[in-house]
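Data block below; observations after.
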Amino acid sequence: MKNIPAGIPRDQWTSFVDYRFKETTLEMCRRNTEIRKKQTFTHTGGSKPNSRRRAEMMAETGRRPGRAQLYLDTHKKQGGTYVNEAAKEICRCN
């Protein structure tokens, strides 16, 4: 608690450190780490919600994209390649 970063008030720092070292917080972090290790299917959607992505796509094309188009948009990299072989296989079937 003595190594307070510059620009952060002492009371906020102590509250943050206290929160981070609570047993419930540590358990949640361990659980989330295990869940992330099990995740096998990645996407490139980021934190943008699909509703917003759908609205942006509709503004670009003038028509409402379906689920398949959203899937294609969120499982390809900027260069046009798929994020992994599983996504490539799924897109080939559609």
Side-chain angles (χ1 to χ4, degrees):
M1 293 217 194
K2 294 179 182 178
N3 297 329
I4 302 171
I8 297 180
R10 182 179 208 59
D11 61 330
Q12 287 183 1
W13 179 249
T14 55
S15 295
F16 173 74
V17 172
D18 182 51
Y19 167 75
R20 290 296 295 176
F21 284 100
K22 281 185 180 178
E23 189 57 40
T24 55
T25 304
L26 293 172
E27 179 57 34
M28 181 178 61
C29 290
R30 280 192 289 272
R31 183 174 168 260
N32 288 342
T33 301
E34 290 302 315
I35 289 171
R36 278 193 309 274
K37 286 178 184 177
K38 293 177 185 178
Q39 184 178 5
T40 58
F41 214 78
T42 58
H43 61 82
T44 59
S47 62
K48 184 188 295 187
N50 282 341
S51 57
R52 186 168 145 205
R53 185 179 315 280
R54 181 177 281 122
E56 289 174 356
M57 291 171 75
M58 197 161 100
E60 288 176 11
T61 62
R63 58 183 188 145
R64 188 171 192 267
R67 287 182 0 197
Q69 187 60 40
L70 278 174
Y71 184 89
L72 290 172
D73 192 49
T74 57
H75 288 82
K76 281 187 179 181
K77 297 178 186 176
Q78 284 184 341
T81 60
Y82 293 98
V83 291
N84 56 26
E85 287 299 316
K88 185 176 182 179
E89 185 63 31
I90 289 170
C91 292
R92 191 179 333 190
C93 293
N94 291 332

With a 4.5 Å cut-off on side-chain heavy atoms, are I8 and F16 touching? no
Say you draw a straight line from OH of Y19 to CG of L26; how long is it, rounded to the nearest 0.5 Å? 10.0 Å
Any side-chain heavy-atom pair from M57 and L70 closer than 4.5 angstrom? yes
Beyond-backbone contact of R31 with M28, side-chain heavy atoms, under 4.5 angstrom: no
Neighbour count >12 (heavy atoms, 6.0 Å) for atom CZ, R30: yes
d(L72 CG, R67 CZ) to nearest 0.5 Å is 12.5 Å
For Y71 versus A87, what's the shortest heavy-atom pair and its separation? OH-CA, 3.8 Å
Interatomic spacing from NZ in K76 to NZ in K88 - rounded to 0.5 Å: 11.0 Å
Separation of N32 CG from E27 CD (nearest 0.5 Å): 10.0 Å
Using a 3.5 Å distance criterion without hydrogens, assess whether the side chain of T25 forms a donor-acceptor pair with backbone atoms of F21. no
Less than 4.5 Å apart, any side-chain heavy atom of P65 and any of R53? no
Check this for me: does any side-chain nitrogen of one of E56 and R52 sit under 4.0 Å from a carboxylate oxygen of the other? yes
